[in-house]
Enquirer: 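Just dropping this structure here.
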Amino acid sequence: MRLSRIAGTGHFVPARVVTNHDLAAVMDTSDEWILERTGIRERRFTEDGVTGTDLAVEASRQALSEAGWEAGDVQFIIFATLSPDMYFPGNGVLLQRELGLPGVGAMDVRNQCTGFVYSLSAADAYIRMGMYDRILVVGAERHSAGLRMDDRGRDTAVLFGDGAGAVCVDVTTDPEGSRLISHHLHADGRFAEELCIKSPGAGRKPWLSADMVDDGSSHPFMNGREVFRNAVTRFPEVIMEALDGQGLTPDQVDVVIPHQANQRITDAVTKRLGLPREKVLSNIERFGNTTAASIPIVLSEAVKADTVQRGDLVCLAAFGSGFTWAATLMRY
Ligand code: COA
């Protein structure tokens, strides 16, 4: 039986640290407000000229090295991002170019905070069906280019950070060993406008104009309370769906890696599932919300720190814009 597993992990964040105090110098906010409501102390922003693809290249190289792959071993690339370098083409082809892999297929997934989990499920399906044996899955964001760094942007600008995470996924035939077990993907488009960047977009004509800069629609919009309300329900729901599918209970999971949306959301989910805090991993204090990159960054950090070890039962879970929510259960 063909299955797939994560063979290697990597992550990369830019060196430039931006603290809550730095933000308070350019907008009406404070370290106390941000820390209390989100758990974030600092995030990383790229320097001018550094793109999301550049971050992805570094994360990918680390993942390749951990997996013991050469770049030429990659047969397909899946790139999750909501902050692509260009409107089109997607970042997948740019990463493919940087890795020197002409001809290798590359696909972008535009699923925001759940982009990495959706991408992993696609990689697993391609491998199970025999289409590929080795796929590189990346989540990377350069939020700092699109945030509004003044009082009008303060409700979203304080949340997001830049970074990239990557995993190498390869084929395995061991039904008891390291493997991706199941994926659970959901969406509810009735909430599409509750967390979005509307412009530029072909829903309006012209799709880009000076008005869109003035009306704020080219920056993120978020109905924070609606996001919070849905997230604290959907996260536990989808994690339980993954566990129920295998006849498991929360105490049998070794590690939960939630998308790093907000520490208060993570704490509420931890409590609802009755999990000990140390089983639910978090790095939001240092990196903020890095959207599609957040889960692979946490995973890569945890692998390097031995917090996640081979054989551990790990549940990845995400919620975000769309709304979309998703989980992957795996034996790492
Ligand atoms: N600094 C200081 N004050 C701020 C602020 C900031 N960065 N952003 C908003 N405020 C103000 C608001 O203007 C409002 O002021 P008012 O009472 O004078 O109108 C006040 O703080 C409270 O705003 P509100 O939006 O009601 O706060 P909240 O308690 O709902 O917390 C969030 C806001 C964003 C932290 C919270 O809604 C949340 O965590 N939502 C989920 C967000 C998330 O996880 N997004 C990622 C999705 S993947």
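Every number for a ligand or one of its atoms is a count from 1 in the order of the listing.
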Enquirer: Of Val50, Val18, Asp48, Asp162, which meets side-chain contact (heavy atoms from CB on, under 4.5 Å) against Ser144?
Expert: Asp162

Enquirer: Students should be able to answer this: which protein heavy-atom is nearest to atom 44 (O) of ligand 1, and at what distance?
Expert: Ile265 CD1, 3.4 Å

Enquirer: Would you check if Arg2 and Asp133 make a side-chain contact, meaning some heavy-atom pair closer than 4.5 Å?
Expert: yes

Enquirer: Taking only heavy atoms of Val158, which atoms of ligand 1 are found under 4.0 Å from at least one of them?
Expert: 7 (N)

Enquirer: Can Arg277 and Asp267 be counted as an ion pair, charged N to O under 4.0 angstrom?
Expert: yes

Enquirer: By number and element, which atoms of ligand 1 are closer than 4.0 Å to a non-hydrogen atom of Asp155?
Expert: 8 (N)

Enquirer: Identify, for atom 39 (O) of ligand 1, the protein heavy atom at the shortest distance, and state residue, atom and that distance.
Expert: Asn262 ND2, 2.5 Å

Enquirer: In the protein, what heavy atom is nearest to atom 41 (C) of ligand 1, and what distance, to one decimal place, separates them?
Expert: Gly224 O, 3.4 Å

Enquirer: How about atom 19 (O) of ligand 1: does it have a protein heavy atom within less than 4.0 Å?
Expert: no

Enquirer: Against heavy atoms of Val227, which atoms of ligand 1 measure under 4.0 Å?
Expert: 41 (C), 43 (C), 45 (N), 47 (C)

Enquirer: To check your reading of the model: name the closest protein heavy atom to atom 6 (C) of ligand 1, its residue, and the distance in Å.
Expert: Thr29 OG1, 3.4 Å

Enquirer: Under a 4.0 Å threshold between the charged nitrogen and the carboxylate oxygen, would Glu301 count as salt-bridged to Lys304?
Expert: no

Enquirer: Protein non-hydrogen atoms only, distance under 4.0 Å: does atom 12 (C) of ligand 1 have such a neighbour?
Expert: yes

Enquirer: Within the structure provided, determine whether Ile77 and Ile135 are in side-chain contact (heavy-atom separation under 4.5 Å).
Expert: no

Enquirer: Closest approach of Leu64 and Ala71, non-hydrogen atoms and distance?
Expert: CD1-CA, 3.9 Å

Enquirer: Would you check if there is a donor-acceptor pair between the side chains of Arg142 and Thr46 at a distance under 3.5 Å?
Expert: yes

Enquirer: Output the list of atoms in ligand 1 that are nearer than 4.0 Å to some heavy atom of Ala261, sorted by atom number.
Expert: 44 (O), 48 (S)

Enquirer: Check whether any heavy atom of Leu195 sits under 4.0 Å from an atom of ligand 1.
Expert: yes

Enquirer: Tell me the nearest of Pro220, Cys113, Gly153 to atom 48 (S) of ligand 1, using heavy-atom distances.
Expert: Cys113

Enquirer: Nearest heavy-atom pair of Ala106 and Phe76: which atoms, and what distance?
Expert: N-CE1, 4.0 Å

Enquirer: Side chains of Asp54 and Thr51: do they bring a donor and an acceptor to under 3.5 Å?
Expert: yes

Enquirer: Using a strict 4.0 Å threshold on nitrogen-to-oxygen distance, state whether Arg310 and Asp312 make a salt bridge.
Expert: no

Enquirer: Considering only non-hydrogen protein atoms, determine which one is nearest to atom 10 (N) of ligand 1 and report residue, atom name and distance to 0.1 Å.
Expert: Trp33 CZ2, 3.4 Å

Enquirer: Short list, please: which atoms of ligand 1 are under 4.0 Å from a heavy atom of Phe319?
Expert: 48 (S)

Enquirer: Does a side chain donor of either Ser182 or His184 reach within less than 3.5 Å of an acceptor in the other side chain?
Expert: yes

Enquirer: Which residue from Arg37, Glu32, Arg264, Arg225 reaches closest to atom 36 (C) of ligand 1 through any of its heavy atoms?
Expert: Arg264

Enquirer: Strictly inside 4.0 angstrom of atom 25 (O) of ligand 1, do you find any protein heavy atom?
Expert: no

Enquirer: Do the side chains of Phe221 and Ile197 get nearer than 4.5 Å, heavy atoms only?
Expert: no

Enquirer: Counting heavy atoms only, which of His259, Arg154, Glu226 comes nearest to atom 7 (N) of ligand 1?
Expert: Arg154

Enquirer: Test Phe323 against every option in Phe191, Phe228, Phe235 by the ring-ring contact (aromatic ring centres under 6.0 Å, His included) rule and name the one that passes.
Expert: Phe191

Enquirer: Does atom 16 (P) of ligand 1 have a protein heavy-atom neighbour under 4.0 Å away?
Expert: no

Enquirer: Any N or O on Phe228 sitting closer than 3.5 Å to an N or O of ligand 1?
Expert: no

Enquirer: Report the member of Gln112, Glu194, Met222 with the shortest heavy-atom distance to atom 34 (C) of ligand 1.
Expert: Met222

Enquirer: Go through ligand 1 atom by atom and flag the ones less than 4.0 Å from a non-hydrogen atom of Asn289.
Expert: 46 (C), 48 (S)

